[in-house]
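For the numbers below, each heavy atom of this structure counts, side chains included, while hydrogens, waters and symmetry mates do not.
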Amino acid sequence: MTGARSSAIESQELKDLRAAVAALGQRHGRGHDREVLWAEAAKLGYLGVNLPEEYGGGGGGMAELSIVLEELGAAGCPLLMMVVSPAICGTVIARFGTEQQKRTWLPGLADGSRTMAFGITEPDAGSNSHRITTTARRDEETGGWILTGRKVFISGVDIADATLIVGRTEDARTGSLKPCLFIVPRDAPGFQRSQIDMELQAQEKQFELFLDEVRLPAEALVGDEDAGLLQLFAGLNPERIMTAAFAIGMGRYALARALTYARERQVWKAPIGAHQAIAHPLAQAHIELELARLMMQKAAALYDLGDDMGAGEAANMAKYAAAEACVKAVDQAVHTLGGNGLTREYGLAALVTAARVARIAPVSREMILNYVSHQTLGLPKSY
């Protein structure tokens, strides 16, 4: 792979950012210390590159932030909390938060001193946000909110200062429930977590959350109580774009390891990469990763232009394409190395499990196919 070489469609500023982040990633690499890398990336302004300048950010968008995560992933050191902290939570607060919420959270999210997790998934709701059972009701005594419910597979809650929780409130006019977003501090009474025992090797742990009559002040509500799905999807599109960046970076890392091996490993007096049975699948993996990156760039561009509808379609397609390309690249990389591909020394075996994450989270490929068939192709809805 070509490392930091980027598409000609990127501006010189984006190319320079890509090269700089790639250099940072190469300095840290596979054996990186997450906290040290997080601190250095923050100091260089990479973690908050998408956040508004007036709150300490870089004034960029998803185009810049996706480059940061992709290049760190390509170097073997992805920072997965970037997906939820600056991308989802930072974006939602920047777009819909009150002035006080922006001043309280955005500077810290931008300089890496504070982090937020994102809690939407529930045990029984799956991908159906309309079935979320975590409810928020008004506290008649204080005017605040009382949250009750459960969440599952929530990343990094133990290291996050707060979690942006998706709950549902009752519409006074219709009586139906609508989604709303609440900032829940990590130490809020009644807010408990239980770590999920995962086979996946990742520094960011997964948790099940329990909200037992968690009392929050009125200002914990993000944005307008009546905005509903608009605010929710303002965070989900960046999540899909960043998941694509994570997958593309991982795929590039695996492919780079395979290419080095294929050039150096000799059998019958020739590098194994000289054989088409090895070379062609690696070439296909490269092509598919590059195609996925193009769709990710399109999604980021549309989102940064404020086209939420267009970005929704492109972000789903980018996430789908990147996940498929990543799984294939990792599989081919392991196969290229043979037995060595399953050793700790080469660092590819763990990626077999990690690559599956992009197919499953934050939305399954089947739900993306449902979205495209219904929303894009106009076919009857199947659910």
Using distance only, find each side-chain donor-acceptor pair of residues 35-43 under 3.5 Å and give its atom names and separation, not counting sequence neighbours.
{"residue": "Trp38", "atom": "NE1", "partner": "Gly112", "partner atom": "O", "Å": "3.1"}
{"residue": "Glu40", "atom": "OE1", "partner": "His28", "partner atom": "NE2", "Å": "2.8"}
{"residue": "Glu40", "atom": "OE2", "partner": "Arg27", "partner atom": "NH2", "Å": "2.7"}

Show me the side-chain donor-acceptor pairs of residues 332-348 shorter than 3.5 Å, one per line, residues at least two apart or across chains.
{"residue": "Thr336", "atom": "OG1", "partner": "Gln332", "partner atom": "O", "Å": "2.7"}
{"residue": "Asn340", "atom": "ND2", "partner": "Tyr261", "partner atom": "OH", "Å": "2.9"}
{"residue": "Thr343", "atom": "OG1", "partner": "Asn340", "partner atom": "O", "Å": "2.8"}

Tabulate below the donor-acceptor pairs under 3.5 Å that side-chain atoms of residues 85-94 make, not counting sequence neighbours, or state none.
{"residue": "Ser85", "atom": "OG", "partner": "Met116", "partner atom": "N", "Å": "3.1"}
{"residue": "Thr91", "atom": "OG1", "partner": "Ala87", "partner atom": "O", "Å": "2.5"}

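In terms of heavy atoms, Asp161 sits closest to Ser113 at OD2-O, 4.1 Å. Considering all non-hydrogen atoms of both residues, Leu216 and Ala220 come closest at CB-CB, 3.7 Å. Closest approach of Leu289 to Ala329, counting heavy atoms only: CD1-CB, 4.1 Å.
Between the side chains of Glu264 and Thr260, no donor N or O sits under 3.5 Å from an acceptor N or O. A donor-acceptor contact under 3.5 angstrom links the side chains of Asp16 and Gln12, judged on distance only.
Contact of the Arg293 side chain with the Glu70 side chain is registered, since non-hydrogen atoms from C-beta on lie closer than 4.5 Å.
Residues in residues 44-64 take part in these side-chain hydrogen bond (donor to acceptor under 3.5 Å, both in side chains) pairs, two or more places apart or across chains: Tyr55-Glu99. Listed by first and then second residue, the side-chain hydrogen bond (donor to acceptor under 3.5 Å, both in side chains) pairs that reach into residues 304-319 are Arg95-Asp308, Arg240-Asn316, Glu313-Thr376, sequence neighbours excluded. Within the structure, the salt bridge (charged side-chain N to carboxylate O under 4.0 Å, His left out) test picks out the following pairs touching residues 190-205 (sequence neighbours left out): Arg34-Glu204.
Crowding of Glu13 atom CD: a count of heavy atoms from other residues, nucleotides or ligands under 6.0 Å not exceeding 12. Applying the 6.0 Å contact sphere to CE of Met198 captures more than 12 heavy atoms from other residues, nucleotides or ligands. Around atom NZ of Lys298, no more than 12 heavy atoms belonging to other residues, nucleotides or ligands sit under 6.0 Å away.
Residues satisfying the salt bridge (charged side-chain N to carboxylate O under 4.0 Å, His left out) test with Arg150, not counting sequence neighbours, are Glu208. In this structure Arg356 satisfies the salt bridge (charged side-chain N to carboxylate O under 4.0 Å, His left out) test with no other residue, sequence neighbours excluded. Considering only residues two or more places apart in sequence or on other chains, Arg215 meets the salt bridge (charged side-chain N to carboxylate O under 4.0 Å, His left out) condition with Asp139. Scored by the ring-ring contact (aromatic ring centres under 6.0 Å, His included) test, Trp105 finds no partners at all (sequence neighbours excluded). With sequence neighbours excluded, no residue forms a side chain to side chain donor-acceptor pair (under 3.5 Å) with Glu219. Not counting sequence neighbours, Arg265 has no partner by the salt bridge (charged side-chain N to carboxylate O under 4.0 Å, His left out) test.
The CD1 atom of Ile132 lies 10.0 Å from the CD1 atom of Ile165; values are rounded to the nearest 0.5 Å. How far OH of Tyr303 is from CG of Asn237: 6.5 Å, rounded to the nearest 0.5 Å. Here the OG1 atom belonging to Thr135 is positioned 7.0 Å from the CG atom belonging to Leu147, to the nearest 0.5 angstrom. Taken to the nearest 0.5 Å, the CD1 atom of Ile287 stands 10.0 Å off from the NE2 atom of His280. To the nearest 0.5 Å, atoms CD1 (Ile278) and CG (Leu259) are separated by 11.0 Å. Residue Ile248 holds its CD1 atom at 8.0 Å from CD of Gln297, rounded to the nearest 0.5 Å.
Between Lys15 and Glu10 there is no salt bridge, since no side-chain N of the basic residue sits under 4.0 Å from a carboxylate O of the acidic one. A salt bridge between Glu213 and Arg137 is present, with a side-chain N of the basic residue lying under 4.0 Å from a carboxylate O of the acidic one.
Residue Leu211 is not grouped with residue Ile183 when hydrophobic side chains (ILVMFWY) are merged at heavy-atom distances under 4.5 angstrom, including chains of intermediate members. Under the 4.5 Å side-chain heavy-atom criterion for Ile, Leu, Val, Met, Phe, Trp and Tyr, Leu236 and Val84 are members of the same hydrophobic cluster.
Among Val157, Val152, Ile196, the one residue that satisfies the side-chain contact (heavy atoms from CB on, under 4.5 Å) test with Phe207 is Val157.
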